[in-house]
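Remember, predicted model here, so these are calculated numbers, not experimental data.
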Amino acid sequence: MNEDTEKAQTTRKAEIERQAKLRRDRAAEKLRENLSRRKQQTRARRSGQADETNGLPAAKMDES
């Protein structure tokens, strides 16, 4: 291999590793948000407050 090819492979590997780190960081952030939301829901249930989730809306009984 020549020097340019080796440099290109090194650059490609570095980019792949950088993207993998970004994916791991995003996943970790989503897990922290989810945990925080679940803890908040649990606290609300214990104190008798309404559950203020941003999830799916309640199912409709009447489709008219």
Side-chain angles (χ1 to χ4, degrees):
M1 281 195 239
N2 64 23
E3 195 173 308
D4 291 336
T5 306
E6 290 177 10
K7 186 176 182 181
Q9 285 181 343
T10 303
T11 303
R12 239 178 271 135
K13 280 185 180 181
E15 180 62 21
I16 289 169
E17 289 173 6
R18 186 185 69 79
Q19 289 177 355
K21 182 179 181 332
L22 286 173
R23 280 193 299 274
R24 286 192 302 269
D25 291 346
R26 281 194 304 265
E29 180 62 29
K30 287 291 183 182
L31 287 171
R32 281 191 294 272
E33 288 174 6
N34 190 5
L35 179 61
S36 174
R37 186 171 42 253
R38 288 178 179 271
K39 284 184 174 183
Q40 182 180 9
Q41 289 172 352
T42 302
R43 285 186 215 113
R45 287 185 186 118
R46 272 192 239 139
S47 64
Q49 297 173 353
D51 190 6
E52 298 177 16
T53 61
N54 292 331
L56 297 171
K60 292 183 183 178
M61 298 304 277
D62 183 22
E63 291 294 323
S64 55

Exercise. Do Arg37 and Asn34 come close enough that some side-chain heavy atom pair is under 4.5 Å?
Worked result: yes
List the atom pairs, donor and acceptor, that lie under 3.5 Å between side-chain atoms in residues 21-30 and the rest of the protein, sequence neighbours left out.
| residue | atom | partner | partner atom | Å |
| --- | --- | --- | --- | --- |
| Lys21 | NZ | Asp25 | OD2 | 3.0 |
| Glu29 | OE1 | Arg32 | NH2 | 2.9 |

For this session: Let me know which of Lys13, Glu17, Arg18 forms a side chain to side chain contact (heavy atoms under 4.5 Å, CB included) with Glu15.
Result: Arg18
For this session: Could you pull out all residues at least two apart from Arg12 that satisfy side chain to side chain donor-acceptor pair (under 3.5 Å)?
Result: none
Problem set entry | Spatial distance of atom CZ (Arg43) from atom CZ (Arg38) [nearest 0.5 Å] | 14.0 Å
Problem set entry | Distance in Å, Lys39 NZ paired with Leu35 CG, rounded so as to fall on 0.5 Å steps | 4.5 Å
Exercise. Considering residues at least two apart in sequence or located in another chain, which fulfil the side chain to side chain contact (heavy atoms under 4.5 Å, CB included) criterion with Asp4?
Worked result: Asn2
